Student: 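Below: one structure in structure tokens.
Values in this document were obtained by computation on a predicted structure and should not be read as measured data. Here is how names work: the chains are called A, B, and so on, in the same order as the sequence lines, proteins then strands, and each is numbered from 1. Just so you know, these numbers use all the heavy atoms, side chains as well, and skip hydrogens, waters and symmetry mates.
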Amino acid sequence: MGKTIRHAHVSSKRVTRGDWARTAESLTGATIRTVRRQGKQIFVELDRGTLYIHLGMTGKLLWNASPGKYTRAVLEFDDGTLLYDDVRQFGRVEFYSQLPPALSGTGPDALTVSFEDFYARLKKHRVGLKALLLNQQFISGVGNIYADEALFLARIHPEAPSHRISKRRAVRLHGEIVEVLKLAIQHRGSSISDYVDSAGNRGAFQQLHNVYGRAGEPCPRCGGAVKRIVVAQRGTHYCPRCQRA
DNA sequence: CAGATCACCTGCTTGC
DNA sequence: TGCAAGCAGGTGATCT
């Protein structure tokens with residue numbers, strides 16, 4: 001915060017959603033006021049607007065790294081360089097002078113949402129639970145890995161209908177979501193193939209996954225085989241013995 | 001409103 | 001060795 005972007009280059013029209021030349025132009029010379037996060041969205045508040053960043057599947061923010069084949073944006077500061085690298089380009093690096101309301105429409109952050117709010121929101125839907133957790137309008141910040149892990153810890157089947165969840169199980173689920181996210185952060189994230197933090201270090205939480213990516217392996221709780229199904233178009237991992245429908 | 005399907009991208013792994 | 005198919009942290013459009 002307080003730093004000025006001395007020069008910005010953008011080389012992907014995908015991650016900027018269109019006008020990349022103007023994105024770089026708008027960012028060059030801008031000073032950062034604050035940085036905030038809401039779920040998976042990063043809002044860098046500038047003196048002249050907002051820099052919106054979403055890492056998508058393979059996005060990385062790297063401080064003082066060398067640019068490579070997948071560098072899509074470069075922000076140069078007096079004391080270093082911030083790169084945005086993204087192989088698949090599902091991420092976003094966008095400049096807005098006025099933030100579109102749609103970007104602020106996500107639900108409360110999963111790490112801080114109160115149980116009361118969580119439960120009230122749960123009551124408004126009638127969907128499979130995993131699909132609900134992946135819905136960023138419901139709560140924001142839970143993706144495919146942590147949805148599977150939280151449901152495992154709470155012993156809830158990913159396709160359990162949200163409207164049939166007892167308050168007691170909702171309490172458990174809410175608690176496990178917070179726990180698994182905190183634990184994952186403590187272990188600096190899940191590096192399955194290429195995730196690294198801004199210093200280029202891999203996380204270690206993938207070693208502690210109970211079910212995600214472990215189809216066919218024994219369930220750490222009951223020893224039964226972890227199963228993989230498709231739910232909401234996403235690979236879904238769970239223990240059929242511990243997580244009953 | 002919910003669910004399925006496809007689309008957007010690129011690379012890696014698996015199986016024949 | 002080659003090649004096609006399937007898979008991957010996310011989201012958004014479209015159609016039923």
Student: Is A:Q89 near enough to B:dT10 that one of its side-chain N or O atoms lies under 4.0 angstrom from OP1 or OP2?
Tutor: yes
Student: Looking only at side-chain N and O atoms, does A:R228 come under 4.0 Å of OP1 or OP2 in C:dA8?
Tutor: yes
Student: In whole angstrom, give the distance that lies between atom CE of A:M57 and atom P of B:dA7.
Tutor: 16 Å
Student: Rounded to the Å, how far apart are A:K130 NZ and B:dG3 P?
Tutor: 14 Å
Student: What is the distance, to the nearest angstrom, from the CZ atom on A:F138 to the P atom on B:dC1?
Tutor: 15 Å
Student: Do A:K182 and A:I185 have side chains that approach each other closer than 4.5 Å (heavy atoms only, starting at C-beta)?
Tutor: no
Student: Can you say whether the rings of A:Y212 and A:H209 are parallel (under 30°), tilted (30 to 60°) or perpendicular (over 60°)?
Tutor: perpendicular
Student: Between A:L133 and A:L151, is there a side-chain heavy-atom distance shorter than 4.5 Å?
Tutor: yes
Student: Examine C:dG9: is either OP1 or OP2 under 4.0 Å from a nitrogen or oxygen in the side chain of A:R234? Give yes or no.
Tutor: yes
Student: For A:S190 and for A:R17, find the nucleotide of DNA chain C with the closest heavy atom, then tell me which residue's nucleotide is more 5'.
Tutor: A:S190
Student: If you define the side chain from C-beta out and look only at heavy atoms, does anything of A:F115 sit under 4.5 Å from A:V171?
Tutor: yes
Student: Distance check, P atoms only: B:dT5 and C:dG6, in whole angstrom units.
Tutor: 14 Å
Student: Taking the six-membered ring for Trp and the full ring for Phe, Tyr or His, determine whether the centres of A:Y238 and A:H157 are under 6.0 Å apart.
Tutor: yes
Student: Given C:dG9, is OP1 or OP2 found less than 4.0 Å from the side-chain N or O atoms of A:Y212?
Tutor: yes
Student: Would you mind reading off the distance between A:N135 atom CG and B:dC1 atom C1', rounded to a whole angstrom?
Tutor: 11 Å
Student: Is the terminal nitrogen or CZ of A:R72 (NZ for Lys, CZ for Arg) located under 6.0 angstrom from the six-membered ring centre of A:Y84 and within 45° of that ring's axis?
Tutor: no
Student: Under 4.0 Å between any heavy atoms, over every strand shown, what does A:D194 touch: base, sugar-phosphate, or nothing? Just pick one.
Tutor: base
Student: Taking only N and O in the side chain of A:K69, is any of them less than 4.0 Å away from OP1 or OP2 of B:dT10?
Tutor: no
Student: Within the structure, does a side-chain N or O atom of A:K40 lie under 4.0 Å from either OP1 or OP2 of C:dG10?
Tutor: yes
Student: Tell me the interatomic distance from A:L134, atom CG, to B:dA4, atom C1', rounded to whole angstroms.
Tutor: 15 Å
Student: For C:dT11, is there a stacking contact with A:F90, counting only centres under 5.5 Å and planes under 30°?
Tutor: no
Student: Select one nucleotide: of B:dA2, C:dG9, B:dT10, the one nearest the side-chain heavy atoms of A:R88.
Tutor: B:dT10
Student: Taking atom P of B:dT10 as reference, at what distance in whole Å does atom CG of A:D85 sit?
Tutor: 15 Å
Student: Figure out the CG/P separation between A:L55 and C:dA8, and round it to whole Å.
Tutor: 20 Å
Student: Using a cut-off of 4.0 Å on non-hydrogen atoms, how would the nucleic acid contact of A:Q233 be classed: base, sugar-phosphate, or nothing?
Tutor: base
Student: For C:dG9 versus B:dT13, give the span between their P atoms, rounded off to a whole number of Å.
Tutor: 16 Å
Student: Taking pairing as Watson-Crick or G-U wobble with both contacts under 3.5 Å, can you name the mate of C:dG9, or confirm there isn't one?
Tutor: none
Student: Which nucleotide sits closest to the side chain of A:H54: B:dT10, B:dA2, C:dG10?
Tutor: C:dG10
Student: Does a side-chain N or O of A:H125 approach OP1 or OP2 of B:dC1 to a distance below 4.0 Å, or not?
Tutor: no
Student: Calculate the interatomic distance between A:Q137 atom CD and C:dA13 atom C1'; express it in whole Å.
Tutor: 14 Å
